[in-house]
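What you see is a predicted model; the values in this text were computed from it and never measured. We number each residue from 1, following the sequence as shown.
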Amino acid sequence: MGMAMTSSPQPPPPPRRRRSRLQSATTISAPSANPNPNPKAKAFPLLSDVGRLQSATPTPTPNGNPNSSPKGKVLPLLSDVGSNPSAIDYYSRVASNLAGAGRLGDFLIAAEGLRAASGDAGFAARINWHLLSRGVVAALREHGLPHVLEFLHDADRIGLHATVMLDADASDAVAAACRQLLDERIMAEFVEAIEALANCGFFVKGIVDPMDVLKIFVRKRDPDMAIRYARIFPHSQLLLCNTMEAFGKRKELKHALKVFGALKDQLGGINMFACRSIIDICSHCGSSVQARIIFEGLLAEKITPNTHVFNSLMNANAHSMSYNFSVYKHMQKLGVHPDLASYNILLKTCCNAREFNTAQEIYEEMKKKEHDGILKLDVFTYSTMMKVFAEAKMWKMASNIKDDMRAVGARLNLVTWSSLINAYANSGLVDGAIEILEEMIRDGCQPTAPCFNIILTALVKSCQYDRAFRLFNSWIEFGIKVSLSLEQKGSLPDNFTFCEEHPGTNGGTILVVPFRPTVTTYNILMMACGTNDERAKSVMNEMKRNGLCPDRISWSILMDIYGTSKNRNGAIQALRRMQRVGIKLNVSAYTVAIKACVESKDLKLALHLFEEMKAHQLKPNMIVSYGTWSLCSSPNIHVIIRGIKLLIPMVNYQELH
């Protein structure tokens, strides 16, 4: 059978002429033939096929019937888009499919051509935004963010606002790509991307908090990029002000001034809030001169500053009484009325200059204005006046301030009570200060460690060392006991902590307020040790047992006591111990150690410490200069020569500064 099948005759091939006719027929019927064997599949023609499809479409007869098969479908002409609604629908679907396939470049060609042909006959509204969003996500995944940004820019150029047509998924994908640049700290490309999206109408504020980005530029000390990024947003003025303040907190005055200049250029004038902020920044950076320059610039431009700007200027120059009072007079000359803050700053200026009589005159003027209803004094005013009288050792005047507060119904706070205690303590009235402390508790204000430290400091300054230790031990063991009546007990607030109550006489209560010492408290006690270095060391050990770590001041006090007692080895050991515990040595620490060596007549060791200090690039002060001068009195000629060599550059430094 196999042989029969192999030898069976084959049909002859068709003649060449017949095959030529079949090929010709296939070529003619190609436009109407369906190359896809699946009858349900629908193929959308591309816009690039429009010319070929139109040329293959049969020409209609005069009676309107085409010379083709009745079943053939006639494609709309591109020239009919403006007059035929079905044509624009058809080609809109074509363009949408191009976008959905990720062919954004072909989509733009289609959109631009159809827009020109249709005369903007509602073409953009017929674009399938789901397909467009899907194509943008695909292009973002395959080609990256720059490709999508270029597409959005070109779409916006031809009048097709693609950014508003994106769905949530596409918008989130674009935002995620921008955040990835931020996470990788590619800041220049990130800012360019945000700028491009903002120009296309994308909601860029929702990508990331603008201040988070500006803080990065602040940390990088890049004001130019910060200004460029802030100007993208509609609330750029607020962002620039916040950026300026952020630079000010880091004491980057140069960069803060640059942002202030950009803010002025953007506003086209002077913003009083910005002026007040930059003057406050100058004050924080310790540049009162720059604050004056900004103020004089306002006056040169014939601009009248408001009260807040004047207050910021005076606060920046609180160390200069003459300048502040000239500013105050100029303020009155311009017709700007001072407020309560203005007078408080003047009081602060008088306190810094120790002009107590002038401060009292201002206070009397403020009281008169309060009587006339112009001003309402606050706790800060009373606290400042108490501080003034405390430093002047005028405890009676400070007590009168307390009476003034109670007369107007103002309640004394912790700062006011502390100033009043300080007034009595500075006047040497320690018993009176303790009575004020007890009155403070009865008034419902719980004292803190600084209140106790004021009394201990007064005892140390008056050389009552033993009484300071006795009072400290009594407070540690028993606390401070205050007798309260029923009315006083009922008026106590709930913020009293760690207190004990015991029954008293006549139905009253004895309130025991505990004393919790701080590092400052133990430093005061160490100063009360005089020249007893062993007692000072035991105080430091007690501080450690109570869970407190000695600070630089503690070690300096201990070294000073060692030096005063001519214990050079103890001072040097304390200096090295200070290094081992991780405290960075400063000029003060070296000064105390060098002073101890000089008092012990060990000039070689003092010279070695001085050279070590210079190796750490620390600038000497006048006390170190005195110690170096002492080297010149050494009988050793080599020590004298080394001391002179070190002294010459130090003298030049002192002359320069």
Please assess Phe380 against Tyr343 for the test ring pair (Phe, Tyr, Trp, His ring centres under 6.0 Å), listing each intermediate value before the final yes or no.
CA-CA 11 Å; Phe380 182 82; Tyr343 288 106; over 10 Å; no
Crowded around Lys369 NZ? As in, over 12 foreign heavy atoms under 6.0 Å?
yes
Do other residues, nucleotides or ligands put more than 12 heavy atoms under 6.0 Å from the CD1 atom of Ile553?
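12 or below, so no.
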Sequence-distant partners of [X], salt bridge (Lys or Arg N to Asp or Glu O under 4.0 Å), two or more places apart:
X: Lys254; result: none
X: Arg354; result: Glu391
X: Asp372; result: Lys368
X: Asp280; result: none

Can you name the nearest heavy-atom pair linking [X] to [Y], along with the distance?
X: Ser312; Y: Arg276; result: OG-CG, 3.2 Å
X: Pro338; Y: Met331; result: CA-CE, 3.4 Å
X: Ser277; Y: Glu245; result: OG-OE2, 3.4 Å
X: Thr416; Y: Asn413; result: OG1-OD1, 2.6 Å

Contacts under 3.5 angstrom, residues 427-437 side chains, donor-acceptor by atom type, not counting sequence neighbours:
{"residue": "Ser427", "atom": "OG", "partner": "Lys393", "partner atom": "O", "Å": "3.3"}
{"residue": "Ser427", "atom": "OG", "partner": "Ala423", "partner atom": "O", "Å": "2.9"}
{"residue": "Asp431", "atom": "OD1", "partner": "Arg467", "partner atom": "NH2", "Å": "2.5"}

Residues which pass ring pair (Phe, Tyr, Trp, His ring centres under 6.0 Å) with Trp395, listed by chain and number, not counting sequence neighbours:
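Applying ring pair (Phe, Tyr, Trp, His ring centres under 6.0 Å) to Trp395 gives Tyr424.
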Residues in ring pair (Phe, Tyr, Trp, His ring centres under 6.0 Å) with His255, at least two apart?
Phe247
Non-neighbouring partners of Arg406 that pass side-chain hydrogen bond (donor to acceptor under 3.5 Å, both in side chains), sequence neighbours left out:
Glu439
List the residues meeting side-chain hydrogen bond (donor to acceptor under 3.5 Å, both in side chains) with Arg221, not counting sequence neighbours, and say none if there are none.
Glu252
Taking the side chain as every heavy atom from C-beta outward, state whether Val519 and Tyr522 have any pair of such atoms under 4.5 Å apart.
no
Just so I know, are the side chains of Leu420 and Met386 near enough to count as touching, which here means a heavy-atom distance under 4.5 Å?
yes
Is it the case that the side chains of Thr307 and Asp339 hold a donor-acceptor pair, with the cut-off being a distance below 3.5 Å and no angle test?
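No pair is found: no donor N or O on one side chain lies under 3.5 Å from an acceptor on the other.
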What pairs of donor and acceptor atoms, side-chain ones from residues 289-301 against any protein atom, are under 3.5 angstrom apart with sequence neighbours left out?
{"residue": "Arg292", "atom": "NE", "partner": "Asn317", "partner atom": "OD1", "Å": "2.7"}
{"residue": "Arg292", "atom": "NH2", "partner": "Asn317", "partner atom": "OD1", "Å": "3.0"}

Where at least one partner belongs to residues 451-463, residue pairs that pass side chain to side chain donor-acceptor pair (under 3.5 Å), sequence neighbours excluded:
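Non-adjacent pairs meeting side chain to side chain donor-acceptor pair (under 3.5 Å): Asn453-Thr521, Ser462-Gln464.
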Under 3.5 Å, which donor-acceptor pairs do the side chains of residues 193-213 form with other protein atoms, sequence neighbours left out?
{"residue": "Glu195", "atom": "OE1", "partner": "Arg228", "partner atom": "NE", "Å": "3.4"}
{"residue": "Glu195", "atom": "OE1", "partner": "Arg228", "partner atom": "NH2", "Å": "2.9"}
{"residue": "Glu195", "atom": "OE2", "partner": "Arg228", "partner atom": "NE", "Å": "2.8"}
{"residue": "Asn199", "atom": "ND2", "partner": "Glu195", "partner atom": "O", "Å": "3.1"}
{"residue": "Asp209", "atom": "OD1", "partner": "Met211", "partner atom": "N", "Å": "3.4"}

